[in-house]
Number of protein chains: 2
Amino acid sequence: MASVLGKRLKEARLRIGLSQAQVGINAGMDQSVASTRINQYERDVHVPGFAVAEQLAKALKVPSAYFYAVDDQLAAWILAYAKIPASDRRTIMEEAGIAPRRL
Amino acid sequence: MASVLGKRLKEARLRIGLSQAQVGINAGMDQSVASTRINQYERDVHVPGFAVAEQLAKALKVPSAYFYAVDDQLAAWILAYAKIPASDRRTIMEEAGIAPRRL
DNA sequence: CAACTAAGACTCTCTTAGCGA
DNA sequence: TCGCTAAGAGAGTCTTAGTTG
């Protein structure tokens, strides 16, 4: 597999229930190229640059890092981040024994 | 900013304490190009493809998705994933009210 | 309408060959 | 040694123009 982005993009699109063209249009692409480009991304024919990936992430309501998670468990972990209230994240990380200050 | 990868790459490299050249070599690059390429990535002159990003992630012991986390809090969340024992992740997600099966 | 594909135009990365701290 | 840069060759994406289910 050239990249995981195609797989995650399709996952996220089907979850919301949009067509390939609609995702592209919602991400700001011209309707004349939207369908083709999303299809190329999902089938790993081409890989979008990060600026485009960010627009796709907004359109599909996932963090952009989700598209680059190779491990399915990590992908779910990243989705969890978006669903958990910000105030609870620190608590979870503290309970897990992670010091958030030291990156 | 063209991408966040440069920022995260430098963060992860300095944390481990390696030179730009060493990171490239550890990621499997020829020593004649390693220094130049890592420098170009860190300064956002160029952006590596995902296959290269995965090699960099291995060399720096972070999940590859870390390089694509725009939000600092999400970046820390992804690092936490790598530090938490696999058996504990499910517990944390269950406690947070996330159903891991439904992606 | 929705998913998909080939191929040329166009854009960007990777390598080479360097400079300066 | 380390960090950094310009520029051409080479590799990739994006657009156009379609086909198929």
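Numbered from 1 within each chain, the chains take letters A, B, ... in sequence-line order. These numbers come from a predicted model, not from an experiment.
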Exercise for review: Go through A:F50 and B:L5 one step at a time and tell me if the side chain to side chain contact (heavy atoms under 4.5 Å, CB included) criterion holds.
Suggested key: CA-CA 9 Å; A:F50 188 67; B:L5 190 141; over 6 Å; no
**Study point:** Cluster check A:V52, A:L60: I/L/V/M/F/W/Y, side chain < 4.5 angstrom
**Key:**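 Yes, same cluster.
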Is any side-chain N or O of [X] closer than 4.0 Å to OP1 or OP2 of [N]?
| X | N | answer |
| --- | --- | --- |
| A:R37 | D:dT15 | yes |
| A:R43 | C:dT5 | yes |
| A:R13 | C:dA2 | no |
| B:Y41 | C:dC14 | yes |

d([atom1], [X]; [atom2], [N]) in whole Å:
| X | N | atom1 | atom2 | value |
| --- | --- | --- | --- | --- |
| A:F50 | C:dC12 | CZ | P | 17 Å |
| A:I38 | D:dC14 | CD1 | C1' | 12 Å |
| B:Q40 | C:dT16 | CD | P | 13 Å |
| A:M29 | D:dT13 | CE | P | 13 Å |
| B:N39 | C:dG20 | CG | P | 16 Å |
| B:H46 | D:dG8 | NE2 | C1' | 11 Å |
| A:D30 | D:dT16 | CG | C1' | 12 Å |
| A:Q55 | D:dC14 | CD | P | 13 Å |

Exercise for review: Determine whether any donor atom in the side chain of B:T36 lies under 3.5 Å from an acceptor atom in the base of C:dA17, or the reverse, and answer yes or no.
Suggested key: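 Looking at the base of C:dA17, it does pair with a donor or acceptor on the side chain of B:T36 (distance under 3.5 Å).
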**Study point:** Interatomic distance, B:Q73 atom CD to A:R89 atom CZ [nearest 0.5 angstrom]
**Key:**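 Rounded to the nearest 0.5 Å, the CD-CZ separation comes to 5.5 Å.
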Practice item. Examine B:R8 relative to B:Y68 and say whether NZ or CZ is less than 6.0 Å from the centre of the six-membered ring and inside a 45° cone about the ring axis. Key: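 No, B:R8 does not sit over the ring of B:Y68.
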